[in-house]
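Worksheet: the structure to be examined is printed underneath.
Chain A is the first sequence line, chain B the second, and so forth, proteins listed ahead of strands; every chain is numbered from 1. All figures in this text were calculated on a predicted structure; none of them were measured in a lab.
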There are 2 protein chains.
Amino acid sequence: MHTLHSTIKKSGGRLTKTKQALLEVLASQHCLLSKATIIKQLQRKHVTPNRSTLYRELVFLVKHHIINQSTINGTDYFELAHQHHHHLVCLGCNNIERVDMDNHLTKQEQYITKQHQFNIINHLLEFYGYCQKCQN
Amino acid sequence: MHTLHSTIKKSGGRLTKTKQALLEVLASQHCLLSKATIIKQLQRKHVTPNRSTLYRELVFLVKHHIINQSTINGTDYFELAHQHHHHLVCLGCNNIERVDMDNHLTKQEQYITKQHQFNIINHLLEFYGYCQKCQN
DNA sequence: ATATTTGCAAACGTTTTGCATAGTG
DNA sequence: CACTATGCAAAACGTTTGCAAATAT
């Protein structure tokens, strides 16, 4: 949290109640959170920001690479930038399951960095298919 | 195109002017196309469907796995399902560059299929970062 | 003949904006 | 004090829907 605090300050942001609660929520869940879920979790903490405020916070945090935004099946999801994993997305029930696969892309990223002169900050890897329940 | 035709018929769809032109557009471009780009390309072919018609076509084709839909930085992109590649997405200029990496995920997919009892249909792999121009 | 596809207009839901006020550093 | 963050209401935006007419098989 300390490093986050300084990152935010460096970005010209202020550590407000909303931002703090938002980061706590994202830190406590080790998975992708939708806006609706974020709002629910904030409510549990008795933090009920206006929608525009929440949206503006999310834009700020994404812009400064403090959190990542991914869109899966038309819904936006957020997670802390350093909490990175991959996902299995069920095309039947839309459930999203985490899957851990460490270092699998390191070589490819090095290759891309050299070959394409592209400075990689992050990546997104999602597998789409059908979970056990939804297989007919 | 022939196989696509039969796939569409099997799915209960009809080969209309719009659907045909849409598939031609997607087949001619070997990259992700946004809705706006699709509309422009259709116009060149003098096919100008109503927005709702186009959206309905896209929903149909995605639903039947004839095309893939990916959302990158908040914009929806489409491509023929068998035309699969990965992308470098520039966080500066939003440009999307294709990158070919064959078979890199085969082993992982086999592992996931067994370990998670998950039937993989497709996957999405995107690298986010800064292209040569946007590196300061 | 039957079912799908189409365009239109209205409805919808989400996100964005302007502005005045409150709060942070 | 200067600048960011907030809530509110309005506006903007893309998408979806219902329906009657047109079209494909």
Side-chain angles (χ1 to χ4, degrees), chain A residues 1-26 32-40 42-43 45-64 66-67 69-78 94, chain B residues 1-26 32-40 42-43 45-64 66-67 69-78 94:
Chain A
M1 268 306 112
H2 249 218
T3 54
L4 278 184
H5 191 151
S6 63
T7 308
I8 288 167
K9 279 174 80 177
K10 261 192 288 181
S11 311
R14 290 172 184 186
L15 209 65
T16 60
K17 196 171 49 178
T18 307
K19 200 174 275 136
Q20 212 152 2
L22 181 52
L23 289 172
E24 276 170 32
V25 164
L26 288 161
L32 297 175
L33 297 182
S34 68
K35 284 170 182 168
T37 308
I38 288 170
I39 290 172
K40 275 185 208 155
L42 286 175
Q43 278 173 345
K45 289 176 168 285
H46 307 289
V47 177
T48 55
N50 187 273
R51 274 195 139 66
S52 54
T53 302
L54 178 61
Y55 291 164
R56 280 187 278 223
E57 284 293 0
L58 289 170
V59 168
F60 175 90
L61 295 172
V62 168
K63 193 177 182 181
H64 294 287
I66 295 165
I67 65 175
Q69 173 172 4
S70 338
T71 309
I72 297 173
N73 281 345
T75 303
D76 292 330
Y77 293 93
F78 301 86
N94 277 314
Chain B
M1 265 310 108
H2 248 220
T3 54
L4 278 184
H5 191 151
S6 64
T7 308
I8 288 167
K9 278 174 82 176
K10 258 191 291 180
S11 310
R14 291 171 182 187
L15 209 66
T16 60
K17 195 171 51 177
T18 307
K19 201 174 272 136
Q20 211 152 2
L22 181 51
L23 289 171
E24 276 169 31
V25 164
L26 288 160
L32 298 174
L33 297 181
S34 67
K35 285 169 182 169
T37 308
I38 288 170
I39 290 171
K40 275 184 207 156
L42 286 175
Q43 278 173 346
K45 289 175 167 290
H46 306 289
V47 178
T48 54
N50 186 274
R51 273 194 140 65
S52 54
T53 303
L54 178 61
Y55 291 163
R56 281 186 279 224
E57 284 294 1
L58 289 170
V59 167
F60 175 90
L61 295 173
V62 168
K63 194 176 180 180
H64 294 286
I66 295 165
I67 66 175
Q69 173 172 5
S70 338
T71 308
I72 297 173
N73 281 345
T75 303
D76 293 330
Y77 293 92
F78 302 86
N94 277 315

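- Distance His64(A) NE2 to dT4(D) P: 10 Å, rounded to the nearest Å.
- With dT4(C), dT6(C), dC3(D) as the candidates, the nucleotide lying closest to the side chain of Arg14(B) is dT4(C).
- Regarding contacts with the backbone of dT6(C), every side-chain N or O of Asn50(B) stays at 4.0 angstrom or more from both OP1 and OP2.
- Side-chain proximity of Arg56(A) to dT15(D), dG7(C), dC19(C): nearest is dC19(C).
- Along DNA chain C, the nucleotide nearest Thr48(B) and the nucleotide nearest Gly12(B) are compared for position; the residue whose nucleotide lies closer to the 5' end is Gly12(B).
- Heavy atoms of Ser52(B) sit under 4.0 angstrom from at least one base atom.
- Regarding Leu54(A), its CG atom lies at a distance of 13 Å from the C1' atom of dA5(D), rounded to whole Å.
- When the P atom of dT6(D) is taken as reference, atom CG of Leu15(A) falls 11 Å away, rounded to whole Å.
- Straight-line distance from the OH atom of Tyr55(A) to the P atom of dT14(C): 7 Å, rounded to whole Å.
- Between Leu58(A) and Leu22(A) there is a side-chain heavy-atom pair separated by less than 4.5 Å.
- Heavy-atom distances to DNA chain C give each of Lys9(A) and Thr53(B) a nearest nucleotide, and the one nearer the 5′ end belongs to Thr53(B).
- A residue-by-residue look at Lys17(A) and Thr16(B) shows that Lys17(A) has its nearest nucleotide of DNA chain D further toward the 5' end.
- To the nearest angstrom, P of dT4(C) lies 15 Å from CD1 of Ile8(B).
- In this structure a side-chain-to-backbone donor-acceptor pair under 3.5 Å is present from Ser34(B) to Thr37(B).
- At a cut-off of 3.5 angstrom, the base of dG13(C) holds no donor-acceptor pair with the side chain of Arg51(A).
- Residue Lys19(A) contributes atom NZ, which lies 17 Å from atom P of dC3(D) at whole-angstrom precision.
- Remark: Thr18(A) is not in phosphate contact with dA5(D), judged by side-chain N or O atoms under 4.0 Å from OP1 or OP2.
- A donor-acceptor contact shorter than 3.5 Å is absent between the side chain of Lys19(A) and the backbone of Glu57(A).
- For the pair Lys35(A) and Phe78(A), the cation-pi test (distance below 6.0 Å, angle within 45°) is failed.
- Following rounding to the nearest Å, Lys63(A) (NZ) and dA5(D) (P) show an atom-to-atom distance of 11 Å.
- Residue Lys35(B) has a polar side-chain atom (N or O) positioned under 4.0 Å from OP1 or OP2 of dT15(D).
- The separation between Leu58(A) atom CG and dT6(D) atom P is 11 Å, rounded to whole Å.
- Of the possible donor and acceptor atoms, one in the side chain of Ser11(A) sits under 3.5 Å from a partner among the backbone N and O of Thr7(A).
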